[in-house]
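Written below as C-alpha coordinates is the structure these notes are about.
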Number of protein chains: 2
Amino acid sequence: MNKTQRNGGRAGPEGREGQDTTERRRELLDAADRVVLRDGPGASMNSIAAEAGITKPILYRHFGDKEGLYRALASRHTDALLRSLRAALDAPRERRSRVEATLDTYLTAIETHPQVYRFLMHPAETGPAGEQDFDAGQHSAPLLRRLGEELATVVGERLDLGPDGVDRARVWGHGIVGMMHAAGDWWLGEQPVPREQLVRYLADLLWGGLTEADDRPGAPGF
Amino acid sequence: MNKTQRNGGRAGPEGREGQDTTERRRELLDAADRVVLRDGPGASMNSIAAEAGITKPILYRHFGDKEGLYRALASRHTDALLRSLRAALDAPRERRSRVEATLDTYLTAIETHPQVYRFLMHPAETGPAGEQDFDAGQHSAPLLRRLGEELATVVGERLDLGPDGVDRARVWGHGIVGMMHAAGDWWLGEQPVPREQLVRYLADLLWGGLTEADDRPGAPGF
DNA sequence: TGACCGAATTACCGATGGTAACCACTGTGA
DNA sequence: TCACAGTGGTTACCATCGGTAATTCGGTCA
(Lines give C-alpha, C1' and ligand atoms only; values in the text may rest on other atoms or scores of the structure.)
Protein backbone atom coordinates (compact mmCIF):
# COMPACT_ATOMS: atom_id res chain seq x y z
CA MET A 1 0.00 0.00 0.00
CA ASN A 2 2.40 2.61 0.98
CA LYS A 3 -0.25 5.00 -0.08
CA THR A 4 1.93 8.02 -0.49
CA GLN A 5 4.97 5.91 -1.21
CA ARG A 6 7.98 7.90 -0.20
CA ASN A 7 8.94 7.13 3.37
CA GLY A 8 9.61 3.50 2.63
CA GLY A 9 10.31 3.67 6.30
CA ARG A 10 9.60 0.43 7.95
CA ALA A 11 9.64 2.32 11.19
CA GLY A 12 6.15 3.17 12.34
CA PRO A 13 2.96 1.62 11.07
CA GLU A 14 2.01 3.05 7.73
CA GLY A 15 -1.10 4.67 9.12
CA ARG A 16 0.93 6.91 11.32
CA GLU A 17 3.30 7.77 8.54
CA GLY A 18 0.44 8.63 6.23
CA GLN A 19 -1.05 10.75 8.94
CA ASP A 20 2.14 12.71 9.14
CA THR A 21 2.49 13.25 5.43
CA THR A 22 -1.11 14.32 4.89
CA GLU A 23 -0.81 16.59 7.86
CA ARG A 24 2.31 18.02 6.28
CA ARG A 25 0.53 18.48 3.01
CA ARG A 26 -2.13 20.45 4.77
CA GLU A 27 0.45 22.75 6.32
CA LEU A 28 2.11 23.29 2.98
CA LEU A 29 -1.19 24.08 1.36
CA ASP A 30 -1.98 26.53 4.14
CA ALA A 31 1.26 28.31 3.45
CA ALA A 32 0.66 28.26 -0.29
CA ASP A 33 -2.75 29.69 0.35
CA ARG A 34 -1.37 32.61 2.30
CA VAL A 35 1.17 33.41 -0.39
CA VAL A 36 -1.26 33.10 -3.27
CA LEU A 37 -3.72 35.33 -1.48
CA ARG A 38 -0.96 37.84 -0.88
CA ASP A 39 0.97 37.74 -4.17
CA GLY A 40 -1.67 36.66 -6.61
CA PRO A 41 -1.86 33.58 -8.82
CA GLY A 42 1.64 34.20 -10.15
CA ALA A 43 3.23 33.45 -6.79
CA SER A 44 6.54 31.69 -7.21
CA MET A 45 7.40 28.30 -5.82
CA ASN A 46 10.32 29.86 -3.99
CA SER A 47 8.14 32.28 -2.09
CA ILE A 48 5.65 29.58 -1.23
CA ALA A 49 8.43 27.38 0.06
CA ALA A 50 9.82 30.27 2.07
CA GLU A 51 6.42 30.96 3.62
CA ALA A 52 6.24 27.32 4.62
CA GLY A 53 9.69 27.56 6.16
CA ILE A 54 11.25 25.08 3.78
CA THR A 55 12.76 25.04 0.31
CA LYS A 56 11.59 24.23 -3.17
CA PRO A 57 12.52 20.57 -3.57
CA ILE A 58 10.23 19.62 -0.73
CA LEU A 59 7.31 21.20 -2.45
CA TYR A 60 8.19 19.25 -5.56
CA ARG A 61 8.41 16.06 -3.55
CA HIS A 62 4.90 16.59 -2.30
CA PHE A 63 3.13 17.97 -5.32
CA GLY A 64 5.16 16.95 -8.33
CA ASP A 65 5.12 20.31 -10.03
CA LYS A 66 3.55 23.69 -9.78
CA GLU A 67 0.47 22.53 -11.57
CA GLY A 68 0.05 19.82 -8.94
CA LEU A 69 0.31 22.25 -6.09
CA TYR A 70 -2.14 24.61 -7.70
CA ARG A 71 -4.54 21.81 -8.43
CA ALA A 72 -4.47 20.70 -4.83
CA LEU A 73 -4.94 24.25 -3.65
CA ALA A 74 -7.77 24.92 -6.06
CA SER A 75 -9.43 21.68 -5.10
CA ARG A 76 -9.78 22.78 -1.51
CA HIS A 77 -11.49 26.03 -2.33
CA THR A 78 -13.58 24.47 -5.03
CA ASP A 79 -14.79 21.81 -2.65
CA ALA A 80 -15.72 24.40 -0.09
CA LEU A 81 -17.64 26.48 -2.58
CA LEU A 82 -19.37 23.43 -3.94
CA ARG A 83 -20.55 22.53 -0.48
CA SER A 84 -22.16 25.92 0.00
CA LEU A 85 -23.81 25.78 -3.37
CA ARG A 86 -25.15 22.31 -2.78
CA ALA A 87 -26.65 23.50 0.45
CA ALA A 88 -28.36 26.39 -1.30
CA LEU A 89 -29.56 24.09 -4.03
CA ASP A 90 -31.01 21.65 -1.54
CA ALA A 91 -32.86 24.12 0.62
CA PRO A 92 -36.53 23.26 0.72
CA ARG A 93 -38.20 26.12 -1.10
CA GLU A 94 -39.82 26.63 -4.42
CA ARG A 95 -37.84 26.77 -7.60
CA ARG A 96 -37.33 30.46 -7.99
CA SER A 97 -36.15 30.96 -4.43
CA ARG A 98 -33.79 28.08 -4.78
CA VAL A 99 -32.25 29.52 -7.90
CA GLU A 100 -31.92 32.93 -6.34
CA ALA A 101 -30.34 31.48 -3.23
CA THR A 102 -27.81 29.62 -5.30
CA LEU A 103 -26.92 32.66 -7.33
CA ASP A 104 -26.64 34.72 -4.18
CA THR A 105 -24.41 32.16 -2.52
CA TYR A 106 -22.04 32.16 -5.44
CA LEU A 107 -21.95 35.93 -5.77
CA THR A 108 -21.48 36.41 -2.06
CA ALA A 109 -18.54 34.04 -2.16
CA ILE A 110 -16.74 35.82 -4.95
CA GLU A 111 -17.54 39.18 -3.46
CA THR A 112 -16.19 38.16 -0.07
CA HIS A 113 -13.02 36.49 -1.29
CA PRO A 114 -12.10 38.01 -4.63
CA GLN A 115 -8.51 36.82 -4.41
CA VAL A 116 -9.58 33.24 -3.96
CA TYR A 117 -11.94 33.67 -6.84
CA ARG A 118 -9.27 35.10 -9.04
CA PHE A 119 -6.92 32.29 -8.22
CA LEU A 120 -9.51 29.68 -8.99
CA MET A 121 -10.06 31.07 -12.44
CA HIS A 122 -6.34 30.99 -13.27
CA PRO A 123 -5.04 27.63 -12.19
CA ALA A 124 -3.39 26.71 -15.48
CA GLU A 125 -0.78 29.44 -15.63
CA THR A 126 1.02 27.44 -18.32
CA GLY A 127 4.63 27.88 -17.31
CA PRO A 128 7.31 28.97 -19.76
CA ALA A 129 8.24 25.58 -21.11
CA GLY A 130 6.36 22.95 -23.06
CA GLU A 131 2.60 23.01 -22.68
CA GLN A 132 1.85 21.54 -26.05
CA ASP A 133 -1.62 20.33 -25.27
CA PHE A 134 -4.00 21.89 -27.69
CA ASP A 135 -7.16 20.00 -27.02
CA ALA A 136 -8.91 23.30 -26.67
CA GLY A 137 -11.51 22.52 -24.14
CA GLN A 138 -9.93 21.70 -20.83
CA HIS A 139 -8.04 24.90 -20.37
CA SER A 140 -10.94 26.65 -18.79
CA ALA A 141 -11.06 26.79 -15.08
CA PRO A 142 -11.89 23.36 -13.70
CA LEU A 143 -14.09 25.07 -11.18
CA LEU A 144 -16.57 26.03 -13.86
CA ARG A 145 -16.57 22.53 -15.27
CA ARG A 146 -17.27 21.01 -11.92
CA LEU A 147 -20.00 23.48 -11.18
CA GLY A 148 -21.53 22.88 -14.56
CA GLU A 149 -21.52 19.12 -14.18
CA GLU A 150 -22.91 19.41 -10.69
CA LEU A 151 -25.74 21.62 -11.76
CA ALA A 152 -26.40 19.41 -14.75
CA THR A 153 -26.84 16.46 -12.44
CA VAL A 154 -29.22 18.32 -10.18
CA VAL A 155 -31.25 19.62 -13.08
CA GLY A 156 -31.36 16.23 -14.72
CA GLU A 157 -32.46 14.57 -11.52
CA ARG A 158 -35.17 16.98 -10.58
CA LEU A 159 -36.67 18.15 -13.82
CA ASP A 160 -38.56 16.20 -16.39
CA LEU A 161 -36.93 17.28 -19.61
CA GLY A 162 -38.22 14.67 -21.98
CA PRO A 163 -36.39 12.00 -23.94
CA ASP A 164 -33.17 13.91 -24.54
CA GLY A 165 -33.26 15.16 -20.99
CA VAL A 166 -29.71 14.18 -20.12
CA ASP A 167 -28.10 16.16 -22.90
CA ARG A 168 -30.39 19.05 -22.31
CA ALA A 169 -29.61 19.08 -18.61
CA ARG A 170 -25.90 19.16 -19.26
CA VAL A 171 -26.19 22.02 -21.71
CA TRP A 172 -28.33 23.93 -19.30
CA GLY A 173 -26.06 23.16 -16.38
CA HIS A 174 -22.99 24.52 -18.08
CA GLY A 175 -24.92 27.36 -19.62
CA ILE A 176 -26.39 28.54 -16.35
CA VAL A 177 -23.07 28.28 -14.58
CA GLY A 178 -21.45 30.27 -17.35
CA MET A 179 -24.10 32.93 -17.10
CA MET A 180 -23.55 33.20 -13.38
CA HIS A 181 -19.81 33.28 -13.81
CA ALA A 182 -19.62 35.90 -16.53
CA ALA A 183 -22.14 38.17 -14.93
CA GLY A 184 -20.40 37.78 -11.59
CA ASP A 185 -17.01 38.49 -13.05
CA TRP A 186 -18.20 41.63 -14.73
CA TRP A 187 -20.14 42.73 -11.66
CA LEU A 188 -17.16 42.16 -9.40
CA GLY A 189 -15.21 44.70 -11.39
CA GLU A 190 -17.75 47.49 -11.53
CA GLN A 191 -20.39 46.68 -8.95
CA PRO A 192 -22.86 48.96 -10.67
CA VAL A 193 -25.80 47.39 -8.88
CA PRO A 194 -26.24 45.80 -5.48
CA ARG A 195 -25.97 42.07 -5.27
CA GLU A 196 -29.63 41.47 -4.63
CA GLN A 197 -30.54 43.27 -7.80
CA LEU A 198 -28.04 41.30 -9.83
CA VAL A 199 -29.51 38.12 -8.47
CA ARG A 200 -32.98 39.22 -9.43
CA TYR A 201 -31.97 40.21 -12.95
CA LEU A 202 -30.24 36.92 -13.55
CA ALA A 203 -33.15 34.93 -12.24
CA ASP A 204 -35.45 36.99 -14.44
CA LEU A 205 -33.31 36.11 -17.41
CA LEU A 206 -33.61 32.42 -16.61
CA TRP A 207 -37.31 32.90 -16.15
CA GLY A 208 -37.69 33.92 -19.74
CA GLY A 209 -37.26 37.64 -19.33
CA LEU A 210 -35.81 37.85 -22.78
CA THR A 211 -38.96 36.45 -24.32
CA GLU A 212 -41.40 38.55 -22.43
CA ALA A 213 -39.83 41.92 -23.02
CA ASP A 214 -41.44 44.07 -25.69
CA ASP A 215 -39.61 45.54 -28.63
CA ARG A 216 -38.67 49.14 -28.22
CA PRO A 217 -40.89 51.31 -30.34
CA GLY A 218 -38.98 52.22 -33.48
CA ALA A 219 -36.24 49.71 -32.88
CA PRO A 220 -35.50 47.12 -35.55
CA GLY A 221 -36.71 44.41 -33.27
CA PHE A 222 -34.89 41.84 -31.26
CA MET B 1 15.52 46.68 -52.69
CA ASN B 2 14.54 47.80 -49.29
CA LYS B 3 11.02 46.76 -49.71
CA THR B 4 10.70 46.90 -45.96
CA GLN B 5 13.23 49.64 -45.93
CA ARG B 6 13.15 51.31 -42.62
CA ASN B 7 12.69 54.66 -44.27
CA GLY B 8 16.36 55.54 -43.74
CA GLY B 9 16.12 59.08 -42.60
CA ARG B 10 13.08 61.22 -42.12
CA ALA B 11 12.99 61.72 -45.84
CA GLY B 12 9.39 60.76 -46.54
CA PRO B 13 6.37 62.50 -45.07
CA GLU B 14 5.04 60.97 -41.92
CA GLY B 15 2.10 59.49 -43.74
CA ARG B 16 4.39 57.30 -45.77
CA GLU B 17 6.24 56.42 -42.64
CA GLY B 18 3.05 55.38 -40.92
CA GLN B 19 2.05 53.32 -43.89
CA ASP B 20 5.25 51.36 -43.75
CA THR B 21 5.19 50.78 -40.03
CA THR B 22 1.58 49.66 -39.98
CA GLU B 23 2.31 47.31 -42.87
CA ARG B 24 5.22 45.98 -40.89
CA ARG B 25 3.03 45.54 -37.87
CA ARG B 26 0.68 43.49 -39.94
CA GLU B 27 3.47 41.22 -41.09
CA LEU B 28 4.70 40.75 -37.56
CA LEU B 29 1.22 39.93 -36.37
CA ASP B 30 0.84 37.44 -39.17
CA ALA B 31 4.01 35.72 -38.04
CA ALA B 32 2.92 35.81 -34.42
CA ASP B 33 -0.36 34.32 -35.48
CA ARG B 34 1.31 31.39 -37.17
CA VAL B 35 3.50 30.68 -34.15
CA VAL B 36 0.71 30.99 -31.64
CA LEU B 37 -1.46 28.68 -33.67
CA ARG B 38 1.39 26.21 -33.88
CA ASP B 39 2.86 26.39 -30.37
CA GLY B 40 -0.10 27.45 -28.33
CA PRO B 41 -0.65 30.55 -26.23
CA GLY B 42 2.66 30.03 -24.43
CA ALA B 43 4.69 30.77 -27.52
CA SER B 44 7.88 32.62 -26.70
CA MET B 45 8.87 36.01 -28.02
CA ASN B 46 12.02 34.48 -29.44
CA SER B 47 10.17 31.98 -31.57
CA ILE B 48 7.77 34.64 -32.80
CA ALA B 49 10.65 36.90 -33.75
CA ALA B 50 12.37 34.00 -35.50
CA GLU B 51 9.24 33.22 -37.46
CA ALA B 52 9.07 36.82 -38.54
CA GLY B 53 12.70 36.70 -39.61
CA ILE B 54 13.86 39.25 -37.06
CA THR B 55 14.90 39.38 -33.43
CA LYS B 56 13.27 40.17 -30.16
CA PRO B 57 14.04 43.86 -29.67
CA ILE B 58 12.13 44.71 -32.82
CA LEU B 59 9.07 43.06 -31.47
CA TYR B 60 9.47 45.06 -28.31
CA ARG B 61 9.85 48.26 -30.32
CA HIS B 62 6.57 47.59 -32.02
CA PHE B 63 4.46 46.21 -29.23
CA GLY B 64 6.07 47.33 -26.01
CA ASP B 65 5.91 43.99 -24.27
CA LYS B 66 4.45 40.56 -24.67
CA GLU B 67 1.14 41.70 -23.33
CA GLY B 68 1.03 44.34 -26.02
CA LEU B 69 1.71 41.88 -28.80
CA TYR B 70 -0.89 39.52 -27.50
CA ARG B 71 -3.40 42.29 -27.12
CA ALA B 72 -2.89 43.35 -30.71
CA LEU B 73 -3.15 39.79 -31.88
CA ALA B 74 -6.25 39.12 -29.85
CA SER B 75 -7.79 42.35 -31.03
CA ARG B 76 -7.66 41.22 -34.65
CA HIS B 77 -9.46 37.98 -34.01
CA THR B 78 -11.87 39.55 -31.62
CA ASP B 79 -12.77 42.22 -34.15
CA ALA B 80 -13.36 39.62 -36.81
CA LEU B 81 -15.58 37.55 -34.56
CA LEU B 82 -17.46 40.62 -33.44
CA ARG B 83 -18.20 41.52 -37.03
CA SER B 84 -19.73 38.12 -37.71
CA LEU B 85 -21.79 38.28 -34.56
CA ARG B 86 -23.05 41.75 -35.31
CA ALA B 87 -24.14 40.57 -38.72
CA ALA B 88 -26.05 37.68 -37.20
CA LEU B 89 -27.58 39.98 -34.64
CA ASP B 90 -28.69 42.43 -37.30
CA ALA B 91 -30.26 39.95 -39.69
CA PRO B 92 -33.90 40.81 -40.24
CA ARG B 93 -35.78 37.94 -38.65
CA GLU B 94 -37.80 37.46 -35.58
CA ARG B 95 -36.24 37.33 -32.18
CA ARG B 96 -35.79 33.64 -31.72
CA SER B 97 -34.17 33.13 -35.10
CA ARG B 98 -31.87 36.01 -34.45
CA VAL B 99 -30.75 34.58 -31.15
CA GLU B 100 -30.22 31.16 -32.65
CA ALA B 101 -28.26 32.60 -35.55
CA THR B 102 -26.00 34.46 -33.17
CA LEU B 103 -25.38 31.41 -31.03
CA ASP B 104 -24.69 29.36 -34.11
CA THR B 105 -22.27 31.91 -35.47
CA TYR B 106 -20.28 31.91 -32.28
CA LEU B 107 -20.24 28.15 -31.93
CA THR B 108 -19.28 27.65 -35.53
CA ALA B 109 -16.40 30.04 -35.07
CA ILE B 110 -14.97 28.26 -32.04
CA GLU B 111 -15.56 24.89 -33.64
CA THR B 112 -13.76 25.88 -36.82
CA HIS B 113 -10.78 27.56 -35.18
CA PRO B 114 -10.30 26.05 -31.76
CA GLN B 115 -6.71 27.22 -31.48
CA VAL B 116 -7.71 30.80 -32.10
CA TYR B 117 -10.46 30.38 -29.55
CA ARG B 118 -8.10 28.96 -27.02
CA PHE B 119 -5.66 31.78 -27.52
CA LEU B 120 -8.34 34.39 -27.12
CA MET B 121 -9.33 33.01 -23.76
CA HIS B 122 -5.79 33.13 -22.43
CA PRO B 123 -4.37 36.49 -23.36
CA ALA B 124 -3.24 37.47 -19.90
CA GLU B 125 -0.62 34.81 -19.35
CA THR B 126 0.69 36.85 -16.42
CA GLY B 127 4.42 36.53 -16.93
CA PRO B 128 6.72 35.31 -14.19
CA ALA B 129 7.52 38.68 -12.68
CA GLY B 130 5.47 41.24 -10.83
CA GLU B 131 1.81 41.24 -11.75
CA GLN B 132 0.59 42.69 -8.52
CA ASP B 133 -2.76 43.89 -9.80
CA PHE B 134 -5.45 42.32 -7.75
CA ASP B 135 -8.51 44.14 -8.93
CA ALA B 136 -10.10 40.78 -9.52
CA GLY B 137 -12.29 41.58 -12.39
CA GLN B 138 -10.26 42.40 -15.45
CA HIS B 139 -8.34 39.19 -15.63
CA SER B 140 -11.01 37.45 -17.58
CA ALA B 141 -10.67 37.30 -21.31
CA PRO B 142 -11.32 40.73 -22.76
CA LEU B 143 -13.18 39.03 -25.55
CA LEU B 144 -15.98 38.05 -23.22
CA ARG B 145 -16.17 41.55 -21.83
CA ARG B 146 -16.41 43.08 -25.25
CA LEU B 147 -19.04 40.60 -26.32
CA GLY B 148 -20.98 41.22 -23.16
CA GLU B 149 -20.92 44.97 -23.54
CA GLU B 150 -21.84 44.69 -27.18
CA LEU B 151 -24.80 42.49 -26.48
CA ALA B 152 -25.82 44.70 -23.60
CA THR B 153 -25.97 47.64 -25.96
CA VAL B 154 -28.03 45.78 -28.49
CA VAL B 155 -30.43 44.48 -25.87
CA GLY B 156 -30.72 47.88 -24.26
CA GLU B 157 -31.42 49.52 -27.58
CA ARG B 158 -33.99 47.12 -28.87
CA LEU B 159 -35.90 45.96 -25.85
CA ASP B 160 -38.09 47.91 -23.56
CA LEU B 161 -36.90 46.83 -20.14
CA GLY B 162 -38.49 49.44 -17.99
CA PRO B 163 -36.93 52.11 -15.78
CA ASP B 164 -33.81 50.17 -14.77
CA GLY B 165 -33.43 48.96 -18.31
CA VAL B 166 -29.80 49.93 -18.70
CA ASP B 167 -28.55 47.95 -15.75
CA ARG B 168 -30.75 45.05 -16.62
CA ALA B 169 -29.51 45.02 -20.19
CA ARG B 170 -25.91 44.93 -19.06
CA VAL B 171 -26.51 42.07 -16.67
CA TRP B 172 -28.34 40.17 -19.33
CA GLY B 173 -25.72 40.94 -21.94
CA HIS B 174 -22.89 39.58 -19.86
CA GLY B 175 -25.00 36.73 -18.60
CA ILE B 176 -26.03 35.54 -22.02
CA VAL B 177 -22.50 35.81 -23.35
CA GLY B 178 -21.26 33.83 -20.39
CA MET B 179 -23.86 31.16 -20.97
CA MET B 180 -22.82 30.88 -24.58
CA HIS B 181 -19.18 30.81 -23.67
CA ALA B 182 -19.33 28.20 -20.96
CA ALA B 183 -21.63 25.92 -22.87
CA GLY B 184 -19.46 26.31 -25.95
CA ASP B 185 -16.30 25.60 -24.05
CA TRP B 186 -17.70 22.46 -22.54
CA TRP B 187 -19.21 21.35 -25.83
CA LEU B 188 -15.97 21.93 -27.69
CA GLY B 189 -14.29 19.40 -25.48
CA GLU B 190 -16.83 16.62 -25.66
CA GLN B 191 -19.11 17.42 -28.58
CA PRO B 192 -21.79 15.13 -27.18
CA VAL B 193 -24.48 16.70 -29.32
CA PRO B 194 -24.47 18.29 -32.76
CA ARG B 195 -24.18 22.02 -32.90
CA GLU B 196 -27.72 22.61 -34.04
CA GLN B 197 -29.03 20.82 -31.00
CA LEU B 198 -26.82 22.79 -28.68
CA VAL B 199 -28.11 25.97 -30.23
CA ARG B 200 -31.67 24.87 -29.71
CA TYR B 201 -31.12 23.88 -26.10
CA LEU B 202 -29.48 27.18 -25.28
CA ALA B 203 -32.20 29.16 -26.97
CA ASP B 204 -34.76 27.10 -25.07
CA LEU B 205 -33.01 27.99 -21.85
CA LEU B 206 -33.21 31.68 -22.68
CA TRP B 207 -36.82 31.20 -23.62
CA GLY B 208 -37.65 30.18 -20.11
CA GLY B 209 -37.19 26.46 -20.44
CA LEU B 210 -36.18 26.25 -16.85
CA THR B 211 -39.51 27.67 -15.71
CA GLU B 212 -41.69 25.57 -17.92
CA ALA B 213 -40.22 22.18 -17.15
CA ASP B 214 -42.16 20.05 -14.71
CA ASP B 215 -40.72 18.60 -11.55
CA ARG B 216 -39.76 14.98 -11.85
CA PRO B 217 -42.26 12.81 -10.00
CA GLY B 218 -40.75 11.90 -6.67
CA ALA B 219 -37.96 14.42 -6.92
CA PRO B 220 -37.57 16.98 -4.16
CA GLY B 221 -38.46 19.71 -6.60
CA PHE B 222 -36.36 22.25 -8.34
C1' DT C 1 36.36 60.04 -48.30
C1' DG C 2 34.89 60.33 -43.73
C1' DA C 3 31.79 61.77 -39.92
C1' DC C 4 27.21 60.64 -38.64
C1' DC C 5 22.73 58.52 -37.60
C1' DG C 6 19.44 55.16 -36.98
C1' DA C 7 17.88 50.45 -37.33
C1' DA C 8 18.84 45.70 -36.08
C1' DT C 9 21.69 42.39 -33.70
C1' DT C 10 24.31 40.46 -30.06
C1' DA C 11 25.08 39.83 -25.52
C1' DC C 12 23.42 40.18 -21.30
C1' DC C 13 20.36 40.52 -16.79
C1' DG C 14 17.20 38.89 -13.31
C1' DA C 15 13.76 35.61 -12.25
C1' DT C 16 11.36 31.40 -12.85
C1' DG C 17 10.25 26.22 -12.81
C1' DG C 18 12.51 22.18 -12.08
C1' DT C 19 16.37 18.84 -10.62
C1' DA C 20 20.71 16.58 -9.29
C1' DA C 21 24.07 16.33 -5.99
C1' DC C 22 25.12 16.79 -1.49
C1' DC C 23 24.52 17.02 3.74
C1' DA C 24 22.98 16.11 8.48
C1' DC C 25 20.56 13.78 11.68
C1' DT C 26 18.62 9.76 13.85
C1' DG C 27 18.01 5.28 15.20
C1' DT C 28 19.83 0.34 14.65
C1' DG C 29 22.85 -3.72 14.89
C1' DA C 30 27.34 -5.52 16.31
C1' DT D 1 31.01 2.81 21.09
C1' DC D 2 30.96 2.93 16.28
C1' DA D 3 29.98 1.98 11.30
C1' DC D 4 25.78 2.18 8.60
C1' DA D 5 21.68 2.92 6.18
C1' DG D 6 17.90 5.70 5.29
C1' DT D 7 15.29 9.80 6.17
C1' DG D 8 14.31 14.80 5.33
C1' DG D 9 16.43 18.79 3.97
C1' DT D 10 19.50 22.23 1.53
C1' DT D 11 22.69 24.04 -1.75
C1' DA D 12 24.00 24.61 -6.20
C1' DC D 13 22.78 24.30 -10.63
C1' DC D 14 20.35 24.15 -15.42
C1' DA D 15 17.45 25.72 -19.25
C1' DT D 16 14.35 29.06 -20.53
C1' DC D 17 11.79 33.04 -20.37
C1' DG D 18 10.73 38.25 -20.71
C1' DG D 19 13.07 42.34 -21.22
C1' DT D 20 17.01 45.65 -22.17
C1' DA D 21 21.64 47.85 -22.63
C1' DA D 22 25.62 47.87 -25.52
C1' DT D 23 27.25 47.29 -30.02
C1' DT D 24 27.56 46.58 -34.85
C1' DC D 25 26.16 47.40 -39.53
C1' DG D 26 24.24 49.87 -43.54
C1' DG D 27 23.33 53.78 -45.66
C1' DT D 28 23.26 59.20 -46.03
C1' DC D 29 25.09 63.75 -46.15
C1' DA D 30 28.91 67.12 -46.12
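Side chains included, hydrogens not; waters and symmetry mates left out as well; all remaining heavy atoms used. Each chain gets a letter, A, B and so on, in the order its sequence line appears, and its residues count up from 1. Owing to the predicted nature of the structure, the values given are computational and were not obtained by experimental measurement.
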Is the closest side-chain heavy-atom distance between A/Asp33 and A/Arg76 below 4.5 Å?
yes
With a 4.5 Å cut-off on side-chain heavy atoms, are B/Met179 and A/Leu205 touching?
no
Do A/Glu157 and A/Thr153 come close enough that some side-chain heavy atom pair is under 4.5 Å?
yes
Whole-Å gap separating C1' (D/dG19) and CD1 (B/Ile48)
14 Å
Separation of atom CG in B/Asp39 from atom C1' in D/dC17, rounded to whole Å:
14 Å
Looking at the side chain of B/Lys56, which of C/dT9, C/dA20, D/dT20 is the nearest nucleotide?
D/dT20
In this structure, how many angstroms lie between the P atom of D/dT20 and the CE atom of B/Met45, rounded?
10 Å
To the nearest angstrom, the NZ-P distance between A/Lys66 and C/dA15 comes to 15 Å
Hey, can you tell me if B/Tyr117 and B/His181 have their rings parallel, tilted or perpendicular (30° and 60° cut-offs)?
tilted
Between C1' of C/dG17 and NE2 of A/His62, the distance in whole Å:
18 Å
Considering only side-chain heavy atoms of B/Pro57, which listed nucleotide, C/dT9, D/dG18, C/dG17, is closest?
C/dT9
Rounded distance (Å) that lies between atom P of C/dT9 and atom CG of B/Asn46
12 Å
When you get a sec, tell me which of D/dT20, D/dC17, C/dG17 is the closest nucleotide to the side chain of B/Tyr60?
D/dT20
Short side-chain N/O contact from A/Arg61 to OP1 or OP2 of C/dG18, under 4.0 Å
no
Would you classify A/Thr55 as touching base, sugar-phosphate or nothing, given that sugar-phosphate means primed atoms plus P, OP1 and OP2, and contacts are heavy atoms under 4.0 Å?
base
Which one, C/dA8, D/dG19, C/dG18, comes nearest to the side chain of B/Ile58?
C/dA8
Of all the nucleotides listed (D/dT20, C/dT19, C/dG17), which has the minimum atom distance to the side chain of A/Ser44?
C/dG17
Rounding to an integer number of Å, can you tell me how far B/Leu59 CG sits from D/dG18 P?
10 Å
If every non-hydrogen atom of B/Val35 is compared with every non-hydrogen atom of B/Glu51, which pair is closest and at what distance?
CG2-CB, 3.3 Å
How many whole angstroms separate atom CD1 of A/Ile54 from atom P of D/dT7?
18 Å
